[in-house]
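Working notes, beginning with the structure itself.
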Amino acid sequence: MEIPTENKAWTYSKHGQPADVLSMSDLPIPSLSPSQVLVEIKAAGFNPVSYKAMKTFPSFMVKKPCVPENDLSGVVVASASTEFAKGDEVLGIIPAELQFKTGFGTLGKYAIVEHAHLVKKPSSVSWEQAACLPLAGMTAWDALVETGHIKEGDRVFINGGSGGVGVMAVQIAKAMVGEGGYVAASCSAANIELVRSLGAHDALDYKEFAKGDEVLGIIPAELQFKTGFGTLGKYAIVEHAHLVKKPSSVSWEQAACLPLAGMTAWDALVETGHIKEGDRVFINGGSGGVGVMAVQIAKAMVGEGGYVAASCSAANIELVRSLGAHDALDYKESDLSTQLATKYPVAEGKGFDIFFDTVGVQQLFDKCASYLNQNGTFVSISGDLGTAGEIAKTGKDLFMNKFLPTVLGGVPRKFSFILMKTSKDKLLKLATLCDEGKLRPVVDSTHDFNNVLEAYSVMMSGRAKGKVIVKGPSSDFYPSSSSPSSSSSSESSSSSGARIIH
């Protein structure tokens, strides 16, 4: 069989960096064995193993001169095998162990390849794409299928989702886990959209935070109680999964209002209440730390066709309306359940789809059938926990609210009591709402670090509008005692948002 006699290729004859050892050479093409195919190279894929072998493997381990690289796509020039004919478009690989033994690689005009390491090139991919496939694709396949035994419904994480093997792994995993599975990967921020476009449900920036980044976040209570790490200090140790970049649209004080209160409101309305456009929503406690978030999140979610109302004291009605509520009821004016039944009767089509009680008033659930629609959801996050007796009563009420059948006197409405679950995704969504101008954290008052006890006093008064904030200590902060100073830097004697301690 007539074949070309000379191959122009890149070669190396000693180990070192590619720039120091690679040169262009003219090599003779030997006769083909019965199992070999001569391929004219259209594209050669690069793999890290090649340059690592080039600079580290001693000469006795590699036949010299050696043509580097392993992946290829090209056209069959000659074949001793009946599987391939001249002119066939193929892709394949020269395994590293065979390359080191024979000196044959793919970084040349021609390559001699075992027919067992070639397949026909799919018409759906270019020469360049075909040359990406062999080593990286089979490595990903071995990891996920042969070793990981991937199956439908699996949840898979790929570290390095934008690399040669990673992009293959993301797509293979997505194809294998099906609709019920989940695929996530890590990459740099610049490659997040690429990794998502390949099918990943989530992409994490492994370079997410650097020294000097401005962030907001949370130390979940269960982690705080386990480790003793909280945020009332000059420094805090925080899991990166519980941090996001601070939106430039909010101050330090506003940013510190966002995590716990914002995610609690999100869980109540979105995760539990399944809020949607056109819904009618009522928030009990619309001027509190969670309430001010809930009013704004609800307003953003229900759209123009929806309706948001809330309760608060007379002094806070204008605040609540400014956050987007269509109506604000003074809970001190008269019995709130009676006000609701009178102004928003279900019988007249004015009832609510979601009732979010941020305060924990049992009577509001007991009587909600008159102002909460039949398919509506009552969501609560609070109850009396001051004494053992109050804790027992709250526990009993929560159980009865959820499980007591209507025929035995139960309220004919769905009841959910929730505990907030920390999630980076929720923090990111809240930060996005801030940047879009749809969410404005409300700061009730700001206190210096040495006035912590005053901050607690304001929060415990029950009159805070939003969040109470404490500033972090300055670099020259050296308290003379553990007691708070008699002077106060509080911006407000009553609270009107979140209270932040810097």
* Could you tell me which residues satisfy side-chain contact (heavy atoms from CB on, under 4.5 Å) with K438, sequence neighbours excluded, listed by chain and number? => A300, L433, E436
* Can you sort out the partners of H274 under side-chain contact (heavy atoms from CB on, under 4.5 Å), two or more places apart, ordered by chain and number? => none
Any chance you could measure [X], atom [atom1], to [Y], atom [atom2], to the nearest 0.5 Å?
X    : Y    : atom1 : atom2 : answer
T139 : I172 : OG1   : CD1   : 9.5 Å
L329 : I317 : CG    : CD1   : 8.0 Å
K121 : K42  : NZ    : NZ    : 11.0 Å
K429 : M263 : NZ    : CE    : 12.5 Å
T231 : I237 : OG1   : CD1   : 13.0 Å
L340 : D335 : CG    : CG    : 9.0 Å

* Are there more than 12 heavy atoms of other residues, nucleotides or ligands under 6.0 Å from atom CD of Q374? -> no
* Count the heavy atoms of every other residue, nucleotide or ligand shown that sit under 6.0 Å from CZ of F209, and state whether that count exceeds 12. => yes
Is the closest side-chain heavy-atom distance between [X] and [Y] below 4.5 Å?
X    : Y    : result
L398 : F365 : no
C434 : L439 : yes
K350 : K343 : no
L216 : P247 : yes
F352 : Y307 : yes
M293 : C257 : yes
L427 : P259 : yes
L323 : V308 : no

Would you tabulate the side-chain donor-acceptor contacts of residues 217-228 under 3.5 Å, counting partners in other chains and residues two or more places apart, or write 'none'?
unit_1 : atom_1 : unit_2 : atom_2 : d
T227   : OG1    : L223   : O      : 2.9
T227   : OG1    : F229   : N      : 3.1

* Less than 6.0 Å separating the ring centroids of F46 and Y51? -> no
Whether the side chain of [X] engages the backbone of [Y] through a donor-acceptor N/O pair (distance < 3.5 Å, no angle test) should be reported.
X    : Y    : answer
S337 : L364 : no
Q171 : G199 : no
K424 : H240 : yes

* To do: Before giving the answer on side chain to side chain contact (heavy atoms under 4.5 Å, CB included), spell out for Y344 and D327 the whole-Å C-alpha distance, their side-chain angles and the decisive distance to 0.1 Å.
  => CA-CA 11 Å; Y344 298 106; D327 190 18; 2.5 Å; yes
Using every non-hydrogen atom in the two residues, find where [X] and [Y] come nearest and quote the distance to one decimal.
X    : Y    : result
D213 : K245 : OD2-CE, 3.3 Å
A298 : I275 : CA-CD1, 3.8 Å
E214 : W252 : CG-CH2, 3.4 Å
S188 : K207 : CB-CD, 4.5 Å
G273 : I354 : O-CD1, 3.5 Å
H447 : N451 : CB-O, 4.1 Å

* **D366: partners by side chain to side chain donor-acceptor pair (under 3.5 Å), with sequence neighbours left out** => Q362
* To do: Mind running side chain to side chain contact (heavy atoms under 4.5 Å, CB included) on C368 and F355 for me, showing each step along the way?
  => CA-CA 9 Å; C368 73; F355 194 105; 5.6 Å; no
* Could you please spell out the steps behind the salt bridge (Lys or Arg N to Asp or Glu O under 4.0 Å) verdict for K276 and D353? => CA-CA 10 Å; K276 61 186 183 299; D353 301 295; 5.6 Å; no
Pairs under 3.5 angstrom only: tabulate donor-acceptor contacts from the side chains of residues 155-167 to other protein residues two or more places apart or in another chain.
unit_1 : atom_1 : unit_2 : atom_2 : d
N159   : OD1    : S186   : OG     : 2.6
S162   : OG     : N191   : ND2    : 3.3

* Does the side chain to side chain contact (heavy atoms under 4.5 Å, CB included) test come out yes or no for T358 and S382, once each step is laid out? -> CA-CA 6 Å; T358 73; S382 187; over 6 Å; no
Show me the donor-acceptor pairs within less than 3.5 Å that the side chains of residues 407-422 make with the rest of the protein, sequence neighbours left out.
unit_1 : atom_1 : unit_2 : atom_2 : d
R413   : NE     : L372   : O      : 2.5
R413   : NE     : N373   : O      : 3.1
R413   : NH2    : A369   : O      : 3.0
R413   : NH2    : L372   : O      : 3.1

